[in-house]
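Quick note on labels: first sequence line is chain A, next is B, and so on, each numbered from 1.
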Amino acid sequence: MININFILESTPKIFEAIPITLIMAFVAAALGWLLGLGIALIRKSKVPVLSQISAVFVSFMRGVPMVILLYISYYALPIMIYSYGLSIGITIDVNLVPPAIYAIIALTLDQAAYSSEVFRSSLDAVDAGQMEASYSIGMTKVQGLFRIVFPQSLAIAIPNLSGLFLGLVKGTSLAYYVGVYEITATANLLAIPAYNFIEAYIMTTFIYEVISFVLNKLFLIIENRLKKFRIEAVLQKKNIFEVVNYYGIHGAIRKHS
Amino acid sequence: MEYMVQLENIHKSFGKNQILKGVNMNIRKGEVVVILGPSGSGKTTLLRTINFLDSANEGSISVSNFKVNCNKHSKSQVIELRRKTAMVFQNYNLFQNKTILENVMEGLIVVKKYNKKEAKKVSMEILDKVGLLERCDYYPSQLSGGQQQRAGIARALIMDPDVILFDEPTSALDPELVGEVLNTIKAVSQTGITMIVVTHEISFAKEVASRVVFMEGGNIVEEGKPTEMLVNPKEPRTQQFLKRII
Amino acid sequence: MTNTFKPETILGYIPGVLKALPITMEILFLSLLIGSILGALIATANLSNNILLRKMSSGYISFMRGIPTLVLIFLLYLGLPQIALNIGIDMSNINKSIYIIACLSLNTSANLAEMMRSSYLAVGKGQCEAAYSIGMKSFTAFRRIVLPQAFGIAIPTLGNNIIILLKDTSLAFAIGVIDMMGKGRALSAASYGSNRLEVYMATGIIFWVLCIILEYSSKSAEKAYTKGRKQSAS
């Protein structure tokens with residue numbers, strides 16, 4: 001009832017799709033989290049106009065399902081790119097843009113919104129006294145932020161960023177709908193001719209589970225490295241209580257006071 | 001007359017709440033000024049305005065002839081002023097992501113641009129003085145409050161400031177740890193450095209202070225030598241406060 | 001390529017997409033209901049003293065965390081009937097919505113179980129001990145002391161989980177259920193895709209508004225529920 005031959009034949013082909021899944025995830029996380037940190041700082045320092053725009057952006061990204069974001073990115077960006085090309089006098093063939101780019105852009109914006117919330121709460125979780133102490137020995141704001149506050153808040157943010165990243169990897173499966181041949185799409189494509197869906201999806205599930213497992217372990221190692229200075233007592237004192245989910249994964253921090 | 005610290009007409013309010021109502025103070029080099037007063041009297045705020053952790057709304061602050069106008073100052077002036085002062089916090093505020101040694105070295109490396117080797121050597125000497133040499137590789141969260149506060153004092157001391165500000169340095173400590181910190185502060189005071197200490201420890205004030213200032217309601221009510229002020233205060237408000245606290 | 005995007009027509013598509021709101025809501029409510037029941041069972045297993053139960057529930061939660069919802073939908077909708085057929089069960093008559101509700105229930109149950117577990121743990125041992133000290137039985141202590149506090153703590157997370165679930169309902173279109181997303185696709189197919197961007201934006205706006213309403217309700221619920229009580233800090 002399970003076609004072993006199909007599994008043996010298609011496994012290498014599905015494996016070939018793992019890199020595109022991971023590339024989308026890593027690029028979207030790298031760009032998205034940087035943007036997210038920017039948004040968090042803008043909202044924390046209450047920059048006029050920009051912080052209101054950021055708040056609306058975050059709310060929008062939180063409210064709209066990923067599939068719709070992907071479609072909007074997939075259909076709207078070519079028009080924008082094309083019109084921009086015309087405005088500077090060149091005709092751009094938007095069909096040459098690989099669809100993965102649209103997926104990465106949608107995923108990046110999504111990560112920016114969610115990670116900005118993570119960064120915001122992790123920055124709040126660093127005691128205000130840390131910045132004051134930096135000032136008191138004559139550091140500038142930038143020095144205090146980069147040497148003292150950011151390292152501490154990163155250690156606090158890591159479990160949540162880990163959750164975001166695992167959610168992101170899962171989210172890349174939706175790139176299927178904008179024509180990216182990542183893991184899910186490849187499996188589907190291979191399964192269709194002979195209706196080998198159960199085989200294809202058991203394999204897909206297995207691959208995603210292994211990726212999640214490995215990433216989870218990786219993040220745990222990073223977390224332990226980063227928070228070597230925080231013993232249990234400190235964790236409790238900060239009243240951090242992680243619960244919120246993202247794509248079904250542990251997400252943002254909530255502070256109870 | 002040369003003063004190390006000169007505060008002129010310092011006003012500070014948070015919203016409608018007026019905390020400091022025009023405080024004037026002149027402190028000579030080497031003086032140890034202890035500020036006493038009930039909570040809410042503005043003594044901690046006064047200390048924080050000297051370091052610009054809170055910037056005053058009005059008045060001027062000068063430290064070793066470097067004068068900053070409180071309602072008109074540049075960022076670089078604030079940094080300059082902060083580099084002449086150092087602060088010891090009530091809650092220690094040690095950098096949580098750095099070891100005790102790194103905490104002390106941080107200012108030398110980032111602000112004074114020492115190289116690492118040199119910074120380490122000087123830091124170890126200071127840590128030895130405050131009795132934390134064996135703990136230098138510990139993180140703050142692994143130390144007792146008293147040890148953390150001594151590290152905080154070392155971190156302030158190493159910047160070689162013109163004046164050290166102590167903001168209730170023993171209030172957050174368990175009673176049995178107060179002594180070690182007060183002894184460290186006493187030792188620091190004997191080096192001749194200018195100090196302003198906000199505290200509730202009357203006996204410490206008696207022993208160490210060269211001058212005691214009593215504040216209430218955002219004003220200085222009375223000041224004088226500890227032997228006079230603490231034994232025979234003139235103002236009724238000071239008398240009341242001392243009666244309650246002793 | 002020409003620019004056919006007409007932003008002024010976006011709002012006009014909203015009523016059409018909204019016709020499928022009842023389907024989306026039905027999927028949402030049923031998944032939430034079934035997911036909560038499942039989640040409560042899993043959370044109880046996870047907090048029990050039985051090692052086997054604990055391992056099984058943790059395994060379930062981590063499995064659900066690892067699998068993309070879309071893959072779970074395909075696995076159940078495309079794969080399961082294939083296996084069932086082999087052992088002589090015909091699943092082809094089952095309504096597609098049932099598959100979606102099953103998938104989303106399974107998925108959200110893991111999140112809800114985690115939420116229940118951490119809220120329970122956040123209440124703190126002292127509360128239970130205090131209840132025992134005045135002679136309460138353990139179930140009474142749970143029902144009267146721990147549960148009300150844990151619920152207050154869980155409200156924001158619950159709100160977030162419902163929002164995630166709402167967004168996940170949009171995957172129902174993947175197997176041809178006409179939920180709001182499916183309706184949007186149908187509307188765009190009817191015009192040969194010429195208005196697809198406008199339709200998807202309209203659908204996105206509806207989801208956004210629903211999400212804002214949910215967020216607002218969750219905040220008000222939290223405020224109303226925790227009014228006058230101090231929230232327990234872990």
Side-chain angles (χ1 to χ4, degrees), chain A residues 1-2 59-60 62-69 71-72 75-76 78-79 82-83 94 166 169-174 176-177 183-184 187-188 191 195-202 204-205 208-213 216 236 239-252 254 256-257, chain C residues 1 3-5 62-72 74-75 77-80 82-83 86-87 107-108 110-111 114-115 118-119 122 153-154 156-157 160-161 163-164 166-171 173-174 181 184 196-197 200-201 203-205 207-212 215 231-234:
Chain A
M1 64 192 255
I2 296 243
S59 156
F60 181 80
R62 273 170 63 92
V64 180
M66 194 65 227
V67 199
I68 296 180
L69 292 175
Y71 275 131
I72 292 177
Y75 292 126
I79 297 177
Y82 185 77
S83 319
V94 286
L166 291 179
V169 171
K170 289 165 47 173
T172 59
S173 67
L174 300 172
Y176 169 39
Y177 285 102
I183 298 172
T184 310
N188 214 17
Y195 281 72
N196 295 112
F197 291 110
I198 187 73
E199 296 86 350
Y201 281 110
I202 286 177
T204 313
T205 305
Y208 279 113
E209 292 292 349
V210 171
I211 293 175
S212 294
F213 181 81
N216 215 355
Q236 277 169 6
N239 282 338
I240 291 164
F241 175 45
E242 324 162 12
V243 265
V244 190
N245 298 285
Y246 170 81
Y247 288 156
I249 299 198
H250 283 219
R254 243 188 91 72
H256 284 258
S257 46
Chain C
M1 175 166 179
N3 186 353
T4 56
F5 179 53
S62 102
F63 177 81
M64 282 301 165
R65 263 193 214 168
I67 186 171
T69 315
L70 186 64
V71 175
L72 184 65
F74 285 155
L75 191 65
Y77 177 72
L78 296 171
L80 194 60
Q82 201 183 323
I83 289 200
N86 275 308
I87 53 171
N107 201 348
T108 200
N111 301 341
E114 269 303 274
M115 170 195 88
S118 32
S119 312
I153 295 170
T157 320
N160 266 309
N161 274 318
I163 289 171
I164 290 162
L166 171 72
K167 287 166 69 176
D168 275 352
T169 61
S170 69
L171 293 177
F173 85 93
M181 186 64 199
R196 55 196 175 192
L197 187 52
Y200 288 134
M201 283 185 169
T203 317
I205 289 170
F207 272 104
W208 187 18
V209 171
L210 287 176
C211 171
I212 290 172
E215 218 155 68
Q231 249 190 14
S232 120
S234 61

Interface residue of largest heavy-atom contact number with chain C, from [options], under 4.5 Å:
| options | result |
| --- | --- |
| A/V210, A/T184, A/I211 | A/T184 |
| A/P65, A/S59, A/S212 | A/P65 |
| A/F197, A/Y195, A/F213 | A/F197 |
| A/T205, A/I183, A/N216 | A/T205 |

Side chain from CB out, backbone as N, CA, C, O: work out which of these in [X] comes under 4.5 Å of a heavy atom of chain A, or both, or neither.
| X | value |
| --- | --- |
| C/M201 | both |
| C/I212 | side chain |
| C/F173 | side chain |
| C/L75 | both |
| C/S62 | backbone |

Exercise. For C/L70 and A/V67, what are the C-alpha separation, side-chain angles and deciding distance, and is it a side-chain contact (heavy atoms from CB on, under 4.5 Å)?
Worked result: CA-CA 11 Å; C/L70 186 64; A/V67 199; over 6 Å; no
Problem set entry | Derivation and outcome, side-chain contact (heavy atoms from CB on, under 4.5 Å), residues C/L80 and A/I198 | CA-CA 7 Å; C/L80 194 60; A/I198 187 73; 5.8 Å; no
Problem set entry | Note, C/L171 side chain near A/L174 side chain (heavy atom, < 4.5 Å) | yes
For this session: For the residue pair C/W208 and A/V64, establish whether any side-chain heavy-atom pair is separated by less than 4.5 Å.
Result: yes
Minimum heavy-atom separation for [X] and [Y], please, with both atom names.
| X | Y | value |
| --- | --- | --- |
| A/E199 | C/Q82 | OE1-NE2, 3.5 Å |
| C/C211 | A/R62 | SG-O, 4.0 Å |
| C/P68 | A/K170 | CB-O, 3.7 Å |

Problem set entry | Nearest-0.5 Å distance that lies between atom CE in C/M64 and atom CD in A/E209 | 8.5 Å
For this session: Anything under 30° is parallel, anything over 60° is perpendicular, the rest tilted; go ahead and classify C/Y200 against A/Y71.
Result: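 C/Y200 and A/Y71: parallel rings.
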Exercise. Can you check side-chain contact (heavy atoms from CB on, under 4.5 Å) on A/T204 and C/F74, steps first, answer last?
Worked result: CA-CA 10 Å; A/T204 313; C/F74 285 155; over 6 Å; no
